[in-house]
2 protein chains.
Amino acid sequence: MIPPVQALPRSRNAAATREAILVSARKHFARENYENVGLREIAGDAGVDPALVSRYFGSKEALFRETLRDDDKDFMEGATRETLARHFAQLFLDEGDTPQDERDLHIDQILILLHSIGSPKAGEIIRETIDTDILEPIARVLGGQDTEMRAAMAFAVLMGMGIMHNTLAIDPDMCSAEDTDRFEKRLTRIFAAALEPMDD
Amino acid sequence: MIPPVQALPRSRNAAATREAILVSARKHFARENYENVGLREIAGDAGVDPALVSRYFGSKEALFRETLRDDDKDFMEGATRETLARHFAQLFLDEGDTPQDERDLHIDQILILLHSIGSPKAGEIIRETIDTDILEPIARVLGGQDTEMRAAMAFAVLMGMGIMHNTLAIDPDMCSAEDTDRFEKRLTRIFAAALEPMDD
DNA sequence: GACATATGTCTACAGTCGTTGACAAGTTCC
DNA sequence: GGAACTTGTCAACGACTGTAGACATATGTC
């Protein structure tokens with residue numbers, strides 16, 4: 001189903017195999033639940049013995065946490081207070097001008113969040129990640145009243161849409177280009193309602 | 001942690017114990033992942049041998065499906081095209097005039113959906129439930145263009161907010177009554193943006 | 001009371017899981 | 001070439017899971 005991450009025999013190199021395991025783990029966690037991903041599958045796709053995973057990362061939980069780590073991740077980059085709503089809509093619609101592999105990493109990481117959101121063991125890790133890597137950056141860009149509230153609500157919308165689209169695979173059929181256009185317009189309108197300060 | 005559903009010894013009564021198992025299952029699935037809920041826990045809280053669960057419901061999957069079934073469930077009852085946005089906001093804010101136990105059942109069922117959304121085995125069942133029990137009723141009330149799309153987007157918002165609040169327990173701190181008020185206003189505005197027909 | 005049936009329990013199986021410790025095979029350095 | 005170290009494999013443990021079949025016990029009927 002999922003193509004092996006690293007088929008070629010790797011010369012002995014701790015850093016490289018560690019990375020291969022991490023990449024394989026990201027791929028799997030982005031497709032399935034925390035509890036439904038086995039260390040044996042991760043190791044298998046990385047071309048490695050399952051025991052190595054435990055030894056390199058300590059535990060499955062630690063591996064999962066590592067999976068979400070990203071040193072230079074700022075997905076609000078380039079967004080100003082005025083373009084926020086459109087920025088969010090683009091984020092969901094997979095547009096914008098971020099380089100492809102960086103974008104893929106971000107998408108995988110968001111998918112990981114969405115898939116394991118209901119898992120008690122992964123929950124604490126996910127909560128932290130959302131707090132520090134997502135909500136705070138959003139709130140920092142926002143001005144005016146209720147920055148925390150608005151950030152949380154906007155991300156809630158993004159999350160709901162993401163689950164609808166990726167996890168549940170429920171999509172209103174948008175056959176024509178006009179349909180897509182109206183969807184995008186409405187999406188921007190919703191994000192605006194969540195993000196913009198109250199005017200009354 | 002979770003108090004036993006039925007502590008008293010039950011006289012032998014197939015229908016009653018079946019119901020007790022179902023109630024216990026609902027409680028557990030509303031608090032944890034599909035794979036993290038064991039038949040032994042469900043049976044334990046129902047005061048019953050684990051084997052009985054398999055015998056009464058056939059399989060864990062079938063039990064889960066039964067958990068979501070509700071013969072007279074129409075959570076759009078009383079909503080008109082004009083009051084929709086407020087109806088949704090009230091649904092989330094736990095207001096309205098539905099009787100308490102019926103409301104509790106609905107909330108538990110929604111929590112079940114949210115918690116196991118990432119589980120591959122429960123996924124198909126959840127998808128069906130959302131389609132027939134939620135999206136279609138919403139779309140039926142809506143008029144005008146893009147009824148499916150608007151229904152899906154409104155539910156996505158509801159789902160995102162629900163996960164934020166219940167599963168992730170992330171809430172913008174709303175200390176004062178005015179905070180809550182502004183939250184409610186914004187929520188209604190978001191739902192309106194998702195539900196109302198485009199006017200341009 | 002005795003039988004038949006419905007209801008519930010007990011034991012155990014086959015499978016999966018994460019993790020560990022002993023061992024093998026490379027690599028590096030003297 | 002041999003020692004010291006790193007890197008990877010193997011086998012297995014203990015804990016857990018959903019489920020099935022044999023068994024026990026209560027209920028209902030004659």
Side-chain angles (χ1 to χ4, degrees), chain A residues 1 4-25 28-29 31-67 116 118-122 124-125, chain B residues 4-25 28-29 31-67 116 118-125:
Chain A
M1 192 82 93
V5 169
Q6 186 111 7
L8 302 172
R10 210 177 13 261
S11 68
R12 297 196 153 210
N13 180 341
T17 66
R18 211 190 113 100
E19 181 64 19
I21 293 174
L22 198 55
V23 170
S24 170
H28 280 274
F29 283 132
R31 280 167 179 71
E32 294 245 27
N33 227 357
Y34 175 81
E35 14 274 318
N36 271 76
V37 174
L39 293 186
R40 284 170 176 81
E41 313 172 44
I42 295 178
D45 276 352
V48 146
D49 191 273
L52 254 198
V53 182
S54 280
R55 272 242 306 249
Y56 272 24
F57 293 89
S59 70
K60 185 185 181 185
E61 215 172 311
L63 170 61
F64 182 80
R65 169 175 281 114
E66 198 85 2
T67 274
S116 291
S119 305
K121 282 174 200 158
E124 185 54 34
I125 301 168
Chain B
V5 169
Q6 186 111 9
L8 303 172
R10 207 176 18 259
S11 69
R12 295 194 157 211
N13 179 342
T17 67
R18 211 189 113 99
E19 181 64 18
I21 293 173
L22 198 56
V23 170
S24 171
H28 279 275
F29 283 133
R31 279 167 181 71
E32 294 246 26
N33 227 358
Y34 175 81
E35 14 275 316
N36 271 76
V37 175
L39 293 187
R40 284 170 177 82
E41 314 172 43
I42 295 177
D45 276 351
V48 147
D49 191 272
L52 210 57
V53 181
S54 279
R55 274 241 307 251
Y56 271 24
F57 293 90
S59 70
K60 184 185 179 183
E61 215 172 312
L63 170 61
F64 182 80
R65 170 175 279 112
E66 197 85 1
T67 274
S116 292
S119 305
K121 282 174 200 157
E124 185 56 33
I125 301 169

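Chain letters run A, B, ... following the sequence lines, proteins first, then strands; residues in each count from 1. Side-chain atoms are counted along with the backbone in the values below, which use heavy atoms only and exclude waters and symmetry mates. Small disclaimer: the values here were computed from a predicted structure and weren't measured.
Regarding A/N13, its CG atom lies at a distance of 11 Å from the C1' atom of D/dT6, rounded to whole Å. Counting to the nearest Å, the P atom of D/dG8 and the OH atom of A/Y56 are 4 Å from each other. One can place CG of A/N33 at 12 Å from P of C/dG18, the figure rounded to the nearest angstrom. The distance between atom CZ of B/R12 and atom C1' of C/dT5, rounded to the nearest whole Å, is 11 Å. Per the geometry, CZ belonging to B/R18 stands 12 Å off P belonging to C/dG8, to the nearest Å.
Put simply, B/T17 has no side-chain N or O that comes within less than 4.0 Å of OP1 or OP2 on C/dT7.
The minimum heavy-atom distance linking B/A122 with B/F64 is given by the pair CB-CE2, 3.5 Å. The minimum heavy-atom distance linking B/E32 with A/P120 is given by the pair OE1-CG, 2.9 Å. Here the closest heavy-atom approach between residue A/S119 and residue A/N33 is recorded as OG-OD1, 3.4 Å.
Although no hydrogens or angles enter the test, the distance criterion places a donor-acceptor pair under 3.5 Å between the side chain of B/T67 and the main chain of B/L63.
Within the structure, side chain to side chain donor-acceptor pair (under 3.5 Å) pairs that include any residue of residues 54-66 of chain A comprise A/R18-A/E66 (at least two apart or interchain).
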Might you list the N or O atoms of the protein lying below 3.5 Å from N or O atoms in nucleotides 16-20 of chain D, with each pair's distance?
| residue | atom | partner | partner atom | Å |
| --- | --- | --- | --- | --- |
| D/dG18 | OP1 | B/V37 | O | 3.3 |
| D/dG18 | OP1 | B/K60 | NZ | 2.8 |
| D/dG18 | OP2 | B/L39 | N | 3.0 |
| D/dG18 | N7 | B/R40 | NH1 | 2.9 |
| D/dG18 | O6 | B/R40 | NH2 | 3.1 |
| D/dT19 | OP2 | B/K60 | N | 2.9 |

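Residues satisfying the salt bridge (charged side-chain N to carboxylate O under 4.0 Å, His left out) test with B/E124, not counting sequence neighbours, are B/R127.
In this structure, B/F57 reaches neither bases nor backbone, as no heavy-atom distance under 4.0 Å exists between it and the strands shown.
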